[in-house]
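Sequence positions, counted from 1, serve as the residue numbers for this chain. Quantities reported herein were computed from a predicted structural model and do not represent experimental measurements.
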Amino acid sequence: MNWPIAAVIAATLATGATVGIINGLLVVVGRVPSILVTLGMLTLLRGVTEELLGGEWITDLPPGLRELGRGDWIGVPISVWTAGGSLAGMMLLAHGTQTGRRMYAVGDHAEAARLAGLPVGAVRLLTFALTGTLTALAALISVPQLSVIESGYGSGFELFVVTAVVVGGTSIRGGAGTIAGTALAALLLGSVGTVLIHLKLGDAATYWQRAVQGVFILAAVMWDHARL
């Protein structure tokens, strides 16, 4: 099926938003802890992807889709433009809009937010939908950068994401943290792999990178706990 690139982008973003809404409904209506819903959906979708690919690799992405991952505009990669635009948009939403303030309030204390008259369920659904959409956008930009796409692509990213969020200053209890802090933490963690490669650790660099990520998570959680 040869879809226009615009249709592929729209379908991918819509799929991400739909998955986010399903997760949100499981949390809001089903009252399932969000971490369990997220990990459960991750495992489900990873299994579906492996079944659909059947062990095959994707090697024939259309040029228009490849352009999203490898193209540039006025000399700056599209991936950088996308990351910068997403970062600016989320910072504006979180710190400059009523919706963002509601997200912080619900994340900090959902019951207090409900008593204050905030639509807690709607805010959570919107947050999950937005997260799913941004995840789909990240896939649109990162996946086409690869020459060969395997079914297991993205495995281990969940640990990187959790580490970046926690190290970036977001409280594990919610309601505190900044978009800029998470972005800086992601840059820091991304540089760890580069440093380890320059240390010429060979295949052991991957294992050391995971160990460093674990140390960062433990240190950030202990610091968050100490601030109570």
Side-chain angles (χ1 to χ4, degrees), residues 13 15-45 82-139 154 157-190 213-214 216-228:
L13 295 179
T15 300
T18 301
V19 171
I21 291 173
I22 293 173
N23 285 349
L25 288 173
L26 290 172
V27 172
V28 174
V29 179
R31 299 185 181 278
V32 182
S34 57
I35 184 65
L36 296 181
V37 169
T38 303
L39 292 177
M41 183 61 74
L42 170 66
T43 304
L44 171 64
L45 294 179
T82 304
S86 300
L87 178 62
M90 290 304 99
M91 290 178 66
L92 177 62
L93 172 66
H95 304 291
T97 68
Q98 185 181 63
T99 299
R101 290 188 288 272
R102 286 181 173 182
M103 288 178 175
Y104 271 105
V106 171
D108 184 37
H109 200 300
E111 183 60 20
R114 185 187 66 80
L115 294 175
L118 298 183
V120 174
V123 170
R124 282 178 168 169
L125 280 176
L126 175 61
T127 304
F128 274 98
L130 185 58
T131 301
T133 303
L134 290 175
T135 302
L137 178 61
F157 281 13
E158 61 273 18
L159 178 60
F160 182 92
V161 170
V162 171
T163 307
V165 171
V166 174
V167 173
T170 298
S171 172
I172 58 176
R173 289 169 296 279
T178 64
I179 306 296
T182 300
L184 290 174
L187 291 174
L188 170 65
L189 293 171
Q213 288 179 351
F216 274 128
I217 290 179
L218 290 174
V221 170
M222 291 175 63
W223 171 251
D224 182 59
H225 180 73
R227 289 186 300 173
L228 287 177

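The shortest distance between side-chain heavy atoms of L118 and V123 does not fall below 4.5 Å. The shortest distance between side-chain heavy atoms of L188 and L184 does not fall below 4.5 Å. A heavy-atom distance below 4.5 Å is found between the side chains of F128 and V27. Residues M103 and L126 have side chains in contact (heavy-atom distance under 4.5 Å, counting atoms from C-beta outward). Side chains of L134 and M90 form a contact here, defined as non-hydrogen atoms less than 4.5 Å apart.
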Taking distance alone, no hydrogens or angles, what donor-acceptor pairs closer than 3.5 Å link side-chain atoms of residues 35-43 to residues at least two apart or in another chain?
unit_1: T38; atom_1: OG1; unit_2: S34; atom_2: O; d: 2.8
unit_1: T43; atom_1: OG1; unit_2: L39; atom_2: O; d: 3.0

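In terms of heavy atoms, V120 sits closest to A110 at CG2-O, 3.6 Å. A pairwise comparison of heavy atoms in L87 and A183 identifies CD1-CB, 3.8 Å as the closest pair. Looking at every heavy atom in both residues, A94 comes nearest to I179 through CB-CG1, 4.1 Å. G24 and L125 make their closest contact through C-CD2, 3.5 Å (heavy atoms, listed as atom of the first residue, atom of the second, distance). Here the closest non-hydrogen pair linking A164 and A185 is O-CB, 3.2 Å.
In this structure, CG in L130 is found 10.0 Å from OG1 in T99, a value given to the nearest 0.5 Å. Taken to the nearest 0.5 Å, the CG atom of L45 stands 10.0 Å off from the OG1 atom of T15.
Summarising the local packing, CD of E111 is surrounded by more than 12 heavy atoms from other residues, nucleotides or ligands at distances under 6.0 Å.
Checked against side chain to side chain donor-acceptor pair (under 3.5 Å), R101 has no partners two or more places apart in sequence or in another chain.
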